[in-house]
Amino acid sequence: MGNMTQFPDRSKVAPDAERLKDYTWPEDPHHVPEWIYTDEYIAELEQQRIFQGRTWNYAGLEVEVPEVGSFIRSYLGSMPIIVVRDEEGVIRAFENRCAHRGAEFCRSYRGKAESFTCPYHQWNYGLDGSLQSVPFRRGVKGKGGMPKDFDMGANSLRRLNVTTRNGAIFVSAHDDMEPFEDYLGPQMLEQFDTAMDGRPLRLLGVHRNILEGNWKLYQENLKDTYHATLLHTYLTTFGLFVASNETFVITDEAGRHSATCNRRPEGRPENDETTAEIGSFHSAMQLEDPSVLNIVKESDSPWTSNALTIWPNMILIRQTNIFSARQIVPMGPDKFMLIWASYGYADDDEAMQEHRLKQNNIFGPGGFIGIDDNEVIKFVSDGALRGSERDGVIPLGKDDEPDDTVITDRALRGMYAWYRKEMGL
Amino acid sequence: MNIAEMEPPVSVISTLPVDERLRLTFLVEEFNSLYAEVLDAGRIADWPDFFTEDGVYRLLARDNAEAGLPLSLMYCNGRGMLKDRAYAIENTEMFGPRYSKHQVTNTRILGLEGNILSARSNYVIFETHVDEPTRILQVGSYHDRFALDGETLLLKERCALYDTVCVPVSVVFPP
Ligand SMILES: [Fe+2]
């Protein structure tokens with residue numbers, strides 16, 4: 001591996017100091033400036049300083065690359081990459097660009113390969129990303145061909161650092177990253193292990209979704225526990241998430257990751273005082289097929305839902321018997337893709353798999369609550385793109401109060417404190 | 001239902017007599033036109049009535065289906081789940097107002113076994129949001145099994161398989 005082309009360190013590329021002076025972050029920690037959602041330069045800087053900076057980026061599930069040669073297209077930030085299992089069974093990740101003319105050569109969502117060949121000039125790469133052969137290297141009849149000193153080793157695919165945890169794959173542009181476990185911290189790690197407990201997974205499928213908004217709005221959405229009790233009428237109507245439920249919101253020490261845990265009460269929230277404040281609560285409604293929301297006990301966790309945000313690009317969700325890992329892929333300042341893998345466990349019987357598939361109606365771009373979030377993110381984005389300039393406000397809750405309330409913006413403030421540090425803003 | 005059943009060889013024409021194919025194709029086309037009208041009018045509460053009591057509706061991304069992955073964008077097994085989906089759209093989901101138009105074409109009868117009629121069609125859904133130009137929401141194909149009773153059809157199973165794998169924002173109404 002020593003001579004393989006490591007990804008260049010762009011995280012310390014000095015930004016144009018004059019240019020950054022145009023951006024003034026508001027003094028009030030309850031304010032978030034709106035240019036972070038719309039500005040091209042900020043979006044570019046985020047690629048360098050965050051996604052290609054000192055972060056572990058979620059890139060897929062091990063179950064998506066089950067065998068030698070299995071690969072998926074994925075992303076590090078906005079940059080297309082390939083994640084593949086090599087001959088030794090080790091998971092590798094490379095930029096999806098030929099070392100020759102830079103073509104993005106892998107065009108399939110997933111597949112199985114013995115090696116990768118760029119179709120343009122048939123440069124061929126092994127599963128470890130090393131350049132294996134170059135056609136007409138010695139030319140034809142002694143003429144043409146590659147220079148004598150052409151170094152095959154220096155023309156491999158650009159390699160990324162890879163780590164895994166319980167079946168999830170993370171990549172980094174840096175080789176000297178701290179272990180993923182330290183990156184998460186002990187409390188977040190415990191949450192992570194609840195949502196992905198180390199048993200072999202079974203992939204149910206992948207939703208791919210283009211959202212209209214800045215990628216950070218999705219991180220915000222999952223850290224914004226206040227909205228879950230108000231926007232998502234389905235959750236409140238059927239008792240999945242109600243403000244008075246037993247709950248807590250934690251962040252790691254840096255403030256960049258967060259987890260929201262919630263315990264769903266038995267039955268429906270008919271007599272819950274908090275539903276009186278929710279204008280959209282439908283108390284008369286019962287599901288025609290309530291079995292869909294049954295909790296099949298499958299772990300010792302006291303919580304019925306755990307929603308994790310892992311900086312910078314992963315959302316990991318356990319809700320009742322739904323498990324999903326979402327990858328956020330920025331596509332410029334006002335658009336992003338979600339690659340949304342839903343999974344169960346390999347030892348699920350047919351009935352359990354069917355139960356998970358039915359329950360998955362809640363999430364995704366056609367989901368009972370997935371639709372709410374996707375739509376409202378577009379509303380916020382349209383406001384930022386078309387409206388007059390203003391700061392967003394995130395005033396709810398206190399930073400030093402106990403973590404057992406969801407009516408708080410604490411996790412958002414934590415994220416933006418960290419964001420400013422990474423961005424130098 | 002797996003992908004091989006959904007995507008039968010295109011070269012095989014049903015062996016039913018041509019008059020019968022014509023009649024059945026007309027019934028399916030008429031059914032699909034009504035289905036499209038109801039959804040395009042936003043009458044989602046009427047949508048479950050297009051299905052039998054044990055009717056199944058699946059909305060599948062083509063890349064998942066081709067990889068044998070069962071996850072659906074929407075999945076209703078039985079009238080109860082169909083009604084719950086309709087209720088959620090009408091009452092609990094939050095989404096911006098939109099117009100939609102289904103175009104259903106290329107309808108072909110695959111076969112008739114007992115009273116179960118198999119057919120496939122292609123669909124395109126155009127969607128128009130406030131102050132925005134019309135865009136394509138989905139391009140896909142319907143893979144259907146109908147219960148045929150005289151001249152009346154009800155869906156026992158509709159698999160909507162969409163090519164538009166990268167879903168733009170959200171799919172609110174079932175294609
Ligand atoms: Fe939400």
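Throughout, a chain's letter reflects where its sequence line sits, starting with A, and its residues are numbered from 1. Note that these values count all heavy atoms, side chains included, but never hydrogens, waters or copies made by symmetry.
Contacts of A:V292 with chain B are made by side-chain atoms alone, with heavy-atom separations under 4.5 Å and no backbone atom involved. Heavy atoms of B:R79 lying under 4.5 Å from chain A are absent altogether. With a threshold of 4.5 angstrom between heavy atoms, A:R202 does not approach chain B through any atom at all.
Scanning all heavy atoms of the two residues, the minimum distance from A:P365 to B:L73 falls at CG-CD1, 3.4 Å. Taking all atoms of both residues into account, the shortest heavy-atom contact from A:E288 to B:D84 is N-OD1, 2.7 Å. Contact detail for B:A88 and A:F368: the closest heavy-atom pair is CB-CD2, 3.6 Å. Nearest heavy-atom pair, A:R110 versus B:A67, reported as atom, atom and distance to 0.1 Å: NH1-CB, 3.5 Å. The two residues B:N64 and A:G205 make their nearest non-hydrogen contact at OD1-CA, 3.6 Å.
The structure places CG of A:L357 at 6.5 Å from CG of B:L71, a figure rounded to the nearest 0.5 Å. Between the CG atom of A:L230 and the CE atom of B:M94 there is a distance of 12.5 Å, given to the nearest 0.5 Å.
A donor-acceptor contact shorter than 3.5 Å is absent between the side chain of B:N77 and the backbone of A:K358. Within the 3.5 Å criterion, the main-chain N or O of B:M74 finds no donor-acceptor partner in the side chain of A:N361.
For A:D348, the salt bridge (charged side-chain N to carboxylate O under 4.0 Å, His left out) partners are A:R356, not counting sequence neighbours.
Within residues 60-77 of chain A, no residue has any heavy atom less than 4.5 Å from a heavy atom of chain B. Among the residues in residues 121-137 of chain B, those with a non-hydrogen atom closer than 4.5 angstrom to a non-hydrogen atom of chain A are B:E132, B:R135.
Atom OH of A:Y226 has 12 or fewer heavy atoms from other residues, nucleotides or ligands within 6.0 Å. Sparse packing is recorded around OH of B:Y99, with 12 or fewer heavy atoms of other residues, nucleotides or ligands lying under 6.0 Å away.
Side-chain contact of B:Y87 with A:Q286: a donor-acceptor pair under 3.5 Å is absent, judged by distance alone.
Comparing A:L211, A:L203, A:V206 by how many heavy-atom pairs each has under 4.5 Å with chain B, the most go to A:V206. Of the residues considered (A:I377, A:N374, A:D372), A:D372 shows the highest number of contacts with chain B, using heavy-atom pairs under 4.5 Å.
Between A:Y109 and B:E66, every side-chain heavy-atom pair lies at or beyond the 4.5 Å cut-off. Side-chain contact between B:Y75 and A:E354 is present, with heavy atoms from C-beta onward closer than 4.5 Å.
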Sequence neighbours left out, cut at 3.5 Å: what donor-acceptor pairs do the side chains of residues 160-175 of chain B make with other protein atoms?
from, atom 1, to, atom 2, distance (Å)
B:D163, OD1, B:R62, NH1, 3.1
B:T164, OG1, B:V139, N, 2.7
B:S170, OG, A:E375, OE2, 2.6

